[in-house]
**Student:** 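The structure is given below, and queries will be raised subsequently.
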Amino acid sequence: MVLHAHVTDADICNTACYRGGVYGNDFTAPEAARTAPADEPASFRAILVEDGRVEPRDEMPEGYRKTLVRQIAQHAHSEIIGMQPEGNWVSRAPSLRRKAILMAKVQDEAGHGLYLYAAAETLGVDRADLLDALHSGRQKYSSIFNYPTLTWADVGAIGWLVDGAAIVNQVPLCRCSYGPYARAMVRVCKEESFHQRQGFEILHTLAHGSQAQRQMAQDAVNRYWWPSLMMFGPPDDDSPNSAQSMAWGIKRFSNDDLRQRFIDMTVPQSEALGLTLPDDGLAWNEERGHYDFTPVDFTELFEVIRGNGPCNEQRMAHRVGAHEDGAWAREAAAAYAQKQAQKQAQRQAREQAQKEGAA
Amino acid sequence: MSAHVDYLLGLADDALVSSQRMGWWISRSPQLEEDVAMANIGLDQLGQARALLTHAGAVEAAGRDEDDLAYFRDERDFRNVCLVERPMEDFGVAMARLLVFATWQHELYGALSASTDATLAAVAAKARKETAYHVDHARQWTLRLGDGTAESHDRMQAAVEAEWPWREELYDAGTLAPELVERGIAVDPGTLREPVEARLDAVLAEATLSRPDVAAAYSRGRQGRHTEAMGYLLAEMQHLARSHPGVTW
């Protein structure tokens, strides 16, 4: 297809089959977006076969483009909505060092949003349209951010578990077939990995602190464990669109594989923290070489996706409120830029006339 | 408390309280780039506050570190100017205040780079570079908002009218021990008036805003007499640390 083709609402609107936005994951794709492999340009197939990178100038199937726009946009939305639960503790961080780290972290998330919206724009969409889709509810963000941060330890749990799960999801995206997304993810992953270690360190300090701090840490882990596992999306059997994303080289591993990888990585870390994970079924399985765990009950995830999570309304109201409150400033900036451009043009015309007069 | 410590706490508290207000904007600004910028400015100010509080604690030599000073002092012991503690939930107000505060800080830190207090001089030299960026950021927004749309012009003019009365305390040498200036540790705030005001006036003119003709507000933050907003700001900032005294975070 030709890049920067006319963008229709259908490009960014995808609630029809929406099953759950996980940032760095996409396990839904509207039927309309599917393209039969036979429609794929030979040049596109050749890039995938060689495990190369598809660049904005390259031909690509419409379904591939739409899937990427949706996934990258949802990822970007997740980053900027994700600023809220942690931003909730910036004013109350219990030491100045922690306050500085947290401010920098939330700032990083804004930065991730910027890279990702820029990556989406290489596919012929505008950030403003994507934001409208978020604000009107046509596009989603990761449901994990619909949970409240009730105590300071939640900041640690989000860093350790939520960012940890995001990394497991996102590291394979550094090899995603779409070049601009893959390159954005390299930088995002480096910063996320830093955030994960910061979260671990917060919990480690709390777990080795006073009784009250220890309880605070355990409580946060108890509340964030299952929602973190849900971040990987439904089981593979229930995620019919994953196969297409895998064929396109957007997705490299299945939801269940990534979830297992996260659990295998996290259990030893919880032991190092001296905190427990709220699953009696967790046990090392020698034969499989993995930890067994109690199957995730996705009822809650689907409820949260449907808008019935604890903070869905609050997160959207905050985001839409900020956008609307800032409209006057954005309009002023645009008007000012226009005035400056006009003045510049007039200056140049005058200078040109003077030159011609002198000649 | 020595005049030297008191002076350092004033500068530290200005930066800390300003940072606390700036942090509110992260996730609430008009656009994503501005979230990044305001977080950055808030982080710079927090960095200044931490360095100055740590230094104040060292000069005091009573074993208080940056967190003891930030979290376990009461309102009457805070020495920041009232300008920075007032609510700042309008973007025009945020930029008008930043313009005033950062321009003043930039001049102040320029002068303090030559302080005979070597640590203060080093902190000031670094902070001067940071505040140059803050001034530029505030100036650019003042121009956009002042000379943007009719609505933005009116809102920015109102913001300037709201902030201007609180400038006076920045130039007030009232609580400063003259001995500190004589020893070359501190800068007489009165000497900052002319350069700061000239720069502010130039920005207002370029932004098509008129210079407010307003009386100075009653502002005695340097004496620990704050506005009613300060208690709430501290209650929020300090409550968690105070709920668990003596622990490590």
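Atoms considered below: every heavy atom in the structure, side chains included; atoms not considered: hydrogens, waters and symmetry mates. Every chain is numbered from 1, with letters handed out A, B, ... down the list of sequences. Nothing here was measured: the structure is a model prediction, and the numbers come from that model.
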**Student:** Can you pull every donor-acceptor pair closer than 3.5 Å across chain A and chain B?
**Tutor:**
| from | atom 1 | to | atom 2 | distance (Å) |
| --- | --- | --- | --- | --- |
| A:Ser91 | O | B:Gln20 | NE2 | 2.9 |
| A:Ser91 | OG | B:Glu236 | OE2 | 2.5 |
| A:Ala93 | O | B:Tyr71 | OH | 2.6 |
| A:Ser95 | N | B:Tyr71 | OH | 3.3 |
| A:Ser95 | O | B:Tyr71 | OH | 3.3 |
| A:Leu96 | N | B:Asp67 | OD1 | 2.9 |
| A:Arg98 | NE | B:Trp249 | O | 2.6 |
| A:Arg98 | NH2 | B:Trp249 | O | 2.9 |
| A:Lys99 | NZ | B:Gln20 | OE1 | 2.7 |
| A:Gln107 | NE2 | B:Val36 | O | 2.9 |
| A:Gln107 | NE2 | B:Asn40 | OD1 | 2.8 |
| A:Arg127 | NH1 | B:Glu33 | OE1 | 3.2 |
| A:Arg127 | NH2 | B:Glu33 | OE1 | 3.4 |
| A:Arg127 | NH2 | B:Glu33 | OE2 | 2.4 |
| A:Gln213 | NE2 | B:Thr248 | O | 2.9 |
| A:His318 | NE2 | B:Ser27 | O | 3.3 |
| A:His318 | NE2 | B:Ser27 | OG | 2.8 |
| A:Arg330 | NH1 | B:Pro30 | O | 2.7 |
| A:Lys339 | NZ | B:Asp147 | O | 3.0 |
| A:Lys339 | NZ | B:Asp147 | OD1 | 3.0 |
| A:Lys339 | NZ | B:Gly148 | O | 3.0 |

**Student:** Please flag which part of A:Ile80 lies under 4.5 Å from any non-hydrogen atom of chain B: side chain, backbone, both or neither.
**Tutor:** side chain
**Student:** Under 4.5 Å from any heavy atom of chain B, what part of A:Leu206 do you find: side chain, backbone, both or neither?
**Tutor:** side chain
**Student:** I need the minimum non-hydrogen distance between B:Leu43 and A:Ala100, along with the two atoms involved.
**Tutor:** CD2-O, 3.3 Å
**Student:** With a 4.5 Å heavy-atom cut-off, do A:Leu131 and B:Leu32 have their side chains touching?
**Tutor:** no
**Student:** Any idea which of A:Gly321, A:Gly87, A:Gly209, A:Ala322 has the most non-hydrogen atom pairs under 4.5 angstrom with chain B?
**Tutor:** A:Ala322
**Student:** In terms of heavy-atom pairs under 4.5 Å, which option from B:Leu233, B:Leu143, B:Ile26 contacts chain A the most?
**Tutor:** B:Leu143
**Student:** Return the option, out of A:Ala329, A:Pro94, A:Gly111, with the maximum number of heavy-atom pairs under 4.5 Å with chain B.
**Tutor:** A:Pro94
**Student:** Counting only non-hydrogen atoms closer than 4.5 Å, does B:Leu46 touch chain A with its backbone (N, CA, C, O), its side chain (CB onward), both, or neither?
**Tutor:** side chain
**Student:** Counting only non-hydrogen atoms closer than 4.5 Å, does B:Leu53 touch chain A with its backbone (N, CA, C, O), its side chain (CB onward), both, or neither?
**Tutor:** side chain
